[in-house]
Amino acid sequence: MPDLEADFAAALRRAASALGAREGVEPAVEPSGQPEAGDLSSPVALRLARDLRRPPRVIAEALADGLRTEGLAHVAEVTVTGPGYVNVRLDDATYAPAVITEALAREGQTVLAQEPAGRGKVVVEHTATNPNKAAHVGHLRNACIGDTVARLLRARGAVVEVQNYIDDTGVQVADVLVGLRRLDFPPPGDLDPFDQYCSRVYVEVCRRYEVEPALLEERRTTLRAIEAREEPVAGEARRITARIVEAHLGTMARLGIRYDLLTWESDILELGFWRHAFDLLQRSGLLQHPDAGPLAGCWTLPLAEGEAVEAAPAEVEAKVLVKSDGVATYTAKDIAYHLWKFGLLGLDFHYRLLQPGGPVSSASTPGGPGPGPAGFGRAARVVNVIDQRQAVPQRMVREALRRLGHVDQARALHHLAYEVVALSPAAARTLGIDTSDGRSMYALSGRRGIDIGADALIDEAQHQVAAKARDPETAHLLAAAAVRYYLLRFGLNAIITFDFEEALRTTGDTGIYLQYAHARACGILARTPPLPAPDRAPRLAPPERELLKRIDQLPRAVAAAAETLTPSGLATYAFQLATAFNDVYEHTERIYRLQDPVERGFRRALVDATRVTLAAALELLGITPLRRI
RNA sequence: GCCCCCAUAGCUCAGUGGAUAGAGCGCCGGCCUCCGGAGCCGGGUGCGCAGGUUCGAGUCCUGCUGGGGGUACCA
């Protein structure tokens with residue numbers, strides 16, 4: 001008995017087929033909107049009405065007859081209501097134990113919903129924070145989305161490899177080098193984290209560019225030296241970016257976020273990835289090198305007439321891959337990187353283990369452990385978690401793959417776009433930001449110093465929660481739960497208008513509430529000794545029926561969230577599950593007071609099934625379930 | 001200008017084309033001889049505007065208004 005909704009849908013499909021409905025009409029099945037009508041309902045008769053040229057009500061009755069004849073497991077009654085809904089009422093006595101048995105069997109399972117087989121490895125790229133400053137809440141949103149997407153894909157049985165791309169040869173790194181060299185900042189104190197120190201340098205140097213154009217020239221020469229791997233600049237860049245990457249890994253680890261592989265842009269240059277990709281593009285006749293015009297001296301990837309990237313702005317006639325000073329753009333290196341991700345480049349990184357238990361890092365020199373028998377990269381599918389503002393360059397990467405003849409890979413490259421984190425004008429003012437321009441929101445920006453530090457937020461959450469937590473580790477896990485849940489519960493298209501009070505809230509629709517529900521279930525189980533779970537359920541209270549249906553939904557919720565790559569759907573599911581459990585908790589007799597062993601055994605098993613199911617949902621959200629608070 | 005996203009309750013947000021659109025917060029009022037109350041229960045004439053498609057539209061299409069983003073030799 002795996003899945004009641006799926007069984008119902010399958011039976012409807014058979015019944016519809018018997019009526020002569022054409023194939024391909026997937027019967028929608030949902031928990032009934034009207035509890036008195038039944039437990040599960042389907043409006044499929046309404047959809048079939050046109051095809052079959054019969055009134056929906058008549059079709060619904062015929063479908064219901066078919067279901068009754070077939071005799072579905074765990075179904076007590078089939079009814080037709082309203083304009084033509086087919087409903088089933090479940091047989092409490094048998095479906096309830098079946099759901100519980102199924103849920104308990106999921107304990108310790110890593111695969112919760114089976115992926116259609118044979119899709120190969122999925123490479124998920126996320127975080128990719130420029131290594132020149134401390135991570136802020138916007139970067140945290142990226143990482144939480146990416147991390148949960150990776151967990152969801154794994155829960156569907158996919159082989160997933162998480163990569164964090166380190167843009168250590170970009171302009172922002174040059175900015176900080178210029179700042180450190182020219183601004184006479186006092187060196188950071190012992191208690192002043194290096195990444196936060198660099199954040200201040202970065203903001204200041206960006207401000208100085210406006211009044212000191214000479215600094216801009218210095219940025220250009222610095223960037224060129226980084227790209228050409230000229231010492232001492234390249235070494236300086238590598239030392240600073242390594243320290244900041246270490247800080248980023250530390251910040252993300254506080255939320256349970258880890259990577260399989262760090263890929264360094266400088267390795268892409270040093271190992272000739274870009275050189276080789278350039279040759280491939282050049283040989284395929286895809287590049288232009290104009291002698292005149294605004295792009296004179298650049299190497300560009302033109303948007304040919306008629307085959308332009310979907311929705312590309314008309315003004316974009318070509319994307320610059322190599323600037324007139326010979327420096328490759330981010331997009332150029334990204335094209336090389338993606339050829340490698342799909343195993344199409346014919347070159348590979350060297351690898352080294354950063355530290356025991358930590359991620360593997362790419363390297364440009366041989367040594368250290370190899371990539372293992374499976375190797376890195378060679379993806380069948382790539383998911384890039386990158387904010388919506390980078391949609392155009394992402395399309396260019398895909399377009400380059402397509403024009404090089406890698407049509408399948410271009411199709412398998414998915415830009416998972418999400419909206420930014422912003423501040424309300426009031427919140428911006430409290431941070432001392434000038435809001436006299438009257439904008440309705442201010443997107444977080446490290447460069448402009450519009451910034452909620454990631455570590456600061458986690459620190460604050462931990463501080464708020466410390467008084468009620470039994471120990472510091474519990475406080476840390478509660479804080480992580482609060483922050484992760486807050487950043488995941490919004491849809492990808494929603495701009496998060498950051499609100500400290502809301503992010504740190506401990507009641508209602510929050511990660512803390514979920515933790516509490518899980519701990520409560522554990523507390524009940526600890527108090528009531530195990531009993532054999534009966535194979536027939538006693539009479540159920542309405543909240544218990546709701547809870548059972550939620551528990552039964554887990555695989556469906558996971559499958560849907562994984563399919564659509566939307567963590568927020570899973571967050572909503574977890575909250576509904578916890579709410580259903582709290583409702584039962586509040587409105588049923590305390591288990592330790594029950595005398596009848598059958599009743600006691602059943603209700604304890606229901607709590608246990610809730611515990612297993614909620615823990616699974618929390619793990620997927622990247623929240624470590626707590627047994628005690 | 002062109003392209004993308006958004007507009008749902010006082011606020012912040014959910015809502016695979018299906019029945020009477022839901023949460024959280026805030027506000028008011030209830031419920032604890034505890035299974036850990038960070039909880040539960042009650043209190044609500046809300047889908048920006050105008051058309052269209054459909055048996056059925058918050059959801060799809062067109063236009064409009066308002067907001068955000070993109071349209072770099074930044075990423």
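Below, chains carry the letters A, B, ... as their sequence lines are ordered, and counting in each starts from 1.
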Between [X] and [N], is there a contact of a side-chain N or O with OP1 or OP2 at under 4.0 Å?
{"X": "A:R439", "N": "B:G69", "answer": "yes"}
{"X": "A:K333", "N": "B:A75", "answer": "no"}
{"X": "A:T497", "N": "B:C13", "answer": "yes"}
{"X": "A:Y592", "N": "B:C34", "answer": "no"}
{"X": "A:T510", "N": "B:G24", "answer": "no"}
{"X": "A:N582", "N": "B:G39", "answer": "no"}

Does the side chain of [X] pick up a donor-acceptor pair with the side chain of [Y] at under 3.5 Å?
{"X": "A:Q388", "Y": "A:E419", "result": "yes"}
{"X": "A:D334", "Y": "A:Y165", "result": "no"}
{"X": "A:Q172", "Y": "A:D167", "result": "no"}
{"X": "A:S568", "Y": "A:R489", "result": "no"}
{"X": "A:Q390", "Y": "A:Y330", "result": "no"}
{"X": "A:D168", "Y": "A:S266", "result": "yes"}
{"X": "A:D437", "Y": "A:Y442", "result": "yes"}

Pick base, sugar-phosphate or nothing for [X], based on heavy-atom distances below 4.0 Å to the nucleic acid.
{"X": "A:D175", "value": "nothing"}
{"X": "A:G491", "value": "sugar-phosphate"}
{"X": "A:Q464", "value": "nothing"}
{"X": "A:D583", "value": "sugar-phosphate"}
{"X": "A:S424", "value": "nothing"}
{"X": "A:P83", "value": "nothing"}
{"X": "A:S440", "value": "sugar-phosphate"}
{"X": "A:A494", "value": "sugar-phosphate"}
{"X": "A:I512", "value": "base"}
{"X": "A:Q515", "value": "nothing"}
{"X": "A:A296", "value": "base"}
{"X": "A:V420", "value": "nothing"}
{"X": "A:S324", "value": "base"}
{"X": "A:R505", "value": "sugar-phosphate"}

By nearest nucleotide on RNA chain B, pick out whichever of A:G569 and A:D325 is the more 5' one.
-> A:G569
Whichever of A:Q172 and A:K468 has its nearest RNA chain B nucleotide further upstream toward 5' = A:K468
Could you state the [atom1]-[atom2] distance from [X] to [N], rounded to the nearest angstrom?
{"X": "A:I268", "N": "B:A75", "atom1": "CD1", "atom2": "P", "value": "13 Å"}
{"X": "A:R489", "N": "B:A23", "atom1": "CZ", "atom2": "C1'", "value": "9 Å"}
{"X": "A:E125", "N": "B:A75", "atom1": "CD", "atom2": "C1'", "value": "12 Å"}
{"X": "A:I335", "N": "B:A75", "atom1": "CD1", "atom2": "P", "value": "12 Å"}
{"X": "A:E502", "N": "B:C13", "atom1": "CD", "atom2": "C1'", "value": "8 Å"}
{"X": "A:F490", "N": "B:U12", "atom1": "CZ", "atom2": "P", "value": "10 Å"}

RNA chain B base-pair string [pairs: Watson-Crick or G-U under 3.5 Å; |: paired with another strand] = (((((((..((((....[...)))).(((((.......)))))....(((((..]....))))))))))))....
Ion pair present between A:E563 and A:R156, side-chain N to carboxylate O less than 4.0 angstrom?
-> yes
So, A:K333 and A:E227, do they make that salt bridge, N to O below 4.0 Å?
-> yes
Taking [M] as the reference, what is the distance to [N] when you measure between their [atom1] atoms (whole Å, please)?
{"N": "B:G24", "M": "B:U65", "atom1": "C1'", "answer": "30 Å"}
{"N": "B:A9", "M": "B:C27", "atom1": "C1'", "answer": "13 Å"}
{"N": "B:G63", "M": "B:U45", "atom1": "P", "answer": "36 Å"}
{"N": "B:U16", "M": "B:G29", "atom1": "P", "answer": "37 Å"}
{"N": "B:A23", "M": "B:G44", "atom1": "P", "answer": "12 Å"}
{"N": "B:C25", "M": "B:G68", "atom1": "C1'", "answer": "24 Å"}
{"N": "B:U53", "M": "B:A14", "atom1": "P", "answer": "31 Å"}
{"N": "B:G17", "M": "B:A57", "atom1": "P", "answer": "14 Å"}

Nearest-neighbour nucleotide for the [X] side chain, [options] considered:
{"X": "A:E586", "options": "B:C40, B:C73, B:U16", "answer": "B:C40"}
{"X": "A:A28", "options": "B:U12, B:C40, B:U16", "answer": "B:U16"}
{"X": "A:R628", "options": "B:G39, B:C5, B:G36", "answer": "B:G36"}
{"X": "A:Y513", "options": "B:G69, B:C5, B:C40", "answer": "B:C40"}
{"X": "A:P393", "options": "B:C5, B:C40, B:A75", "answer": "B:A75"}
{"X": "A:I629", "options": "B:C5, B:A38, B:C13", "answer": "B:A38"}
{"X": "A:R47", "options": "B:G17, B:A19, B:G36", "answer": "B:G17"}
{"X": "A:N130", "options": "B:A75, B:U12, B:A38", "answer": "B:A75"}
{"X": "A:N493", "options": "B:C40, B:C5, B:A14", "answer": "B:C5"}
{"X": "A:E419", "options": "B:A14, B:C5, B:A75", "answer": "B:C5"}

Minimum heavy-atom separation for A:A461 to A:V483, with atom names?
-> CB-CG2, 4.2 Å
Taking N and O atoms by type only, does the side chain of [X] place a donor or acceptor under 3.5 Å from a partner on the base of [N]?
{"X": "A:Q388", "N": "B:G69", "value": "no"}
{"X": "A:T81", "N": "B:A19", "value": "yes"}
{"X": "A:N132", "N": "B:A75", "value": "no"}
{"X": "A:T329", "N": "B:C73", "value": "no"}

Does anything in residues 570-580 of chain A pair up under side-chain hydrogen bond (donor to acceptor under 3.5 Å, both in side chains), and if so which pairs, sequence neighbours excluded?
-> A:Y513-A:T579, A:R550-A:Q576
Should the ring pair A:Y585 and A:F581 be called parallel, tilted or perpendicular, given that the plane angle runs from 0 to 90° and is split at 30 and 60?
-> tilted
